Amino acid sequence: MENSKFNRYTITAALPYANGPLHIGHLAGCYIPSDIYVRYLRSLGKEVAYVCGSDEHGVAITIKAKKEGITPQEVVNRYHEQMKKSFVDFGISFNHYSRTSSKVHHETASGLFRNLFEKGEFLEQSTEQYFDEEAGQFLADRYIEGTCPKCGNENAYGDQCEKCGSSLSPTDLINPKSKLSGNTPVLKETKHWFLDLARYTDFLKNWILVEHQNDWKNNVLGQCRSWLEAGDGLQARSMTRDMDWGIPVPVEGAEGKVLYVWFDAPIGYISSTKEWAAEKGIDWEPYWKSKDTKLVHFIGKDNIVFHCIIFPAILKTHGEFILPDNVPANEFLNLEGDKISTSRNWAVWLHEYLEEFPDKQDVLRYVLTANAPETKDNDFTWKDYQSRNNSELVAIFGNFVNRAVVLTHKFFDGKVPQLGALNDIDKDAIETLKAFPDKIAASIERYRFREALSYVMDFARLGNKYLADTEPWKTIKDDKGRTGTILNIALNIAANLAIVAEPFLPFTAAKIYGMFNMEGLGWKDAGNSDILETGISINPAALLFDKIEDHVVEAQVNKLMESKKQNELANAVAAPMKDMITYDDFAKLDMRVVKVLSAEPMPKSKKLLRLTVETGLGVKTVLSGVAEHFKPEDLIGKQVTMLINLAPRKMMGVDSEGMILMAEDRDGRLRLLQPNEHTGNGSTIS
RNA sequence: GGCGAGGUAGCUCAGAUGGUUAGAGCGCAGGAUUCAUAACCCUGAGGUCAGGGGUUCAACUCCCCUCCUCGCUACCA
């Protein structure tokens, strides 16, 4: 929407989850884009509240705490401080960085819940959940472990199996065990409060798919469409959980229950704004309730549903709040071709980066912006990092500023020389200079930061070209006045460059401001060719960027390869032995050697093959999830091992009458188990 | 399989509402230059715009089908 109708801005960046340090994916996903946007707005002189904070609730944190033998509060305290420091270190310029364990946030979130509750917005539903009788509490999905019904992994969680990636519900698990006591949990009834999202479907469809069809990003609209237009519509979502870590549900009869972390997290933006306003002694409400406030949520694509569907539904229902004008979600950043992963240590950690690349925050900011995953997943590679540093930041940007300053010191004693008569080259350069700020601004306002940044580089190129065309090192020999004119213009290009680069490269801009003794300048000054007054002294040139040598990035790649090796080593440990069983348990299994008669892909399935086998007791049909490992012709005619007395199970409309046994390698590859010589079909195995 | 997002020069990516010889940066090859961190500046070579149909005077851009990648979702008894 047009900015002219807005008098203030509330800009939010996704609350980072306080269970680990920050990495480059976090920066690229939402903190750098939001920071660029905010710095630009401030440069324009706009009123901005840029808020964020640590997301400290949720089960994952309680599990981590338990594992380390400390309290959840101790876990979040550790990461809250570390993340907060990383943001400061990288120049992410929040007005306020809060945390969801704060008092203000507890009050705000329960207040909002209470408001919806009193309006009768929640559906109260009782469901059966696993309960640990010894610990006396209901178990979150993640607190239940058991055997994955799909791959047999004994350590699958109640919500998903990390080995085969299936998403599960706790009742799917075989032999569920409580992670609290190790006991088998029992099913017990529990009551929860659900937000009936289906009621907002029409409103959301109109608001997102009609009103914002032209100004929201494609990937965001697509995700919303897939939720809003799904066959069975929006499902009611429980806004409460049985847990003791979080914000207590402020309703009678809700003892031992807390607000769902995704209910309370976005409200953290409001709480953070409140804290900031209170410190500043101003009213927070206009930032969330005035129609002339522009609210923008910067997030990663994993958060789209919460920020475009659930949170707006909550705000809308409350009635007093404004809705986001835009939710410019980024896609994901990969690292050297692989998905970034905290648990696999496949990441570039911000705190480590700064230790190894001190004072190079802007280089990372630059690379992550130039290659930001704005429209699709992108890959960060150290080679690209090096190349962008050396051939763009050093060779174009840094080099230009350095040339202008060095020449000025060489020929004019470090004082801005006087502007004389202008020729066509000068006039063209000044014209081009005037046009850049608007061009860059237009891209920023459309959330196209990589494009905006490329214009900033073009601006630096203009400076280099101007020097190459005018050749002041030649004119100095017989025309000092002309040389002065050239350098005056070149220095003013550099000064302008600092202003438009500031949102992207704040540390570098500050260095240039320091070199030129510039103060109090903003976007409104950009485009003028007389920012630097004649006669003022500028400081000696200091290099803005340094070349990065091959061995430096090679070391980084090696470091990553090392963690990959460590992971393989960790995975190389064979799965632990299952519980002891008796011979009788074993004897119940009827395993046979069978021969595959036919095999064909199951229509409409990626993973299933439909096999018919001769069991010696007749032909049986088996559906086997091996289509990604074997072609039908790899199996036909082969003898394999089969469990034949497994109860039939219908899949995709076909009864599967047993299970083909496979060996699974640690890399997930499957192998057939075959007798070493031909054996009669139906031979027993014991 | 369903839904969503992508598949454009060696690499990373741009290409509103369809319209002249499809663009940029990097890399590469020539040239020019020496103020500058051998950097800058100029020129050039590279693409049947995943593939196949269709609509149109005209399609990278619209429609249909197929293939590939990624995300969510279902199916590994």
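In this text, all values refer to a predicted model and were calculated from it rather than measured experimentally. Every chain is numbered from 1, with letters handed out A, B, ... down the list of sequences.
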Enquirer: Indicate, with a heavy-atom threshold strictly under 4.0 Å, whether A:Glu657 touches base, sugar-phosphate, or nothing.
Expert: nothing
Enquirer: So A:Asn371, base contact, sugar-phosphate only, or nothing? Heavy-atom distance under 4.0 Å.
Expert: sugar-phosphate
Enquirer: Looking just at side-chain N and O atoms, do A:Asn492 and A:Asn496 make a donor-acceptor pair shorter than 3.5 Å?
Expert: no
Enquirer: Would you check, one step at a time, whether the test ring pair (Phe, Tyr, Trp, His ring centres under 6.0 Å) holds for A:Tyr366 with A:Phe545?
Expert: CA-CA 12 Å; A:Tyr366 179 81; A:Phe545 303 101; 7.9 Å; no
Enquirer: Please tell me which of the listed nucleotides, B:G71, B:A14, B:C41, lies nearest to the side chain of A:Glu451?
Expert: B:A14
Enquirer: Using Watson-Crick or G-U wobble geometry with both distances under 3.5 Å, which nucleotide pairs with B:C3?
Expert: B:G71
Enquirer: Between C1' on B:G4 and CD on A:Gln223, what's the gap in Å once rounded to a whole number?
Expert: 6 Å
Enquirer: Can you identify which nucleotide, out of B:A36, B:G25, B:A5, has its nearest atom closest to the A:Glu331 side chain?
Expert: B:A5
Enquirer: A:Lys474 near the nucleic acid: base, sugar-phosphate alone, or nothing, with a heavy-atom cut-off under 4.0 Å?
Expert: sugar-phosphate
Enquirer: Look through every strand shown and name the nucleotide pairing with B:C35 as Watson-Crick or G-U wobble, where both distances are under 3.5 Å.
Expert: none
Enquirer: For the residue pair A:Tyr447 and A:Phe449, categorise the inter-ring angle as parallel (less than 30°), tilted (30 to 60°) or perpendicular (more than 60°).
Expert: perpendicular
Enquirer: A:Lys547 near the nucleic acid: base, sugar-phosphate alone, or nothing, with a heavy-atom cut-off under 4.0 Å?
Expert: base
Enquirer: Answer with base, sugar-phosphate or nothing: what part of the nucleic acid does A:Phe400 contact at a heavy-atom distance below 4.0 Å?
Expert: nothing
Enquirer: May I ask you to verify if any side-chain N or O of A:Thr375 is less than 4.0 angstrom from the OP1 or OP2 atom of B:G6?
Expert: no
Enquirer: Under 3.5 Å, sequence neighbours excluded: what are the donor-acceptor pairs made by side chains of residues 405-413 of chain A?
Expert:
| from | atom 1 | to | atom 2 | distance (Å) |
| --- | --- | --- | --- | --- |
| A:Thr408 | OG1 | A:Ala404 | O | 2.7 |
| A:His409 | NE2 | A:Ile538 | O | 3.3 |
| A:His409 | NE2 | A:Asn539 | O | 3.0 |

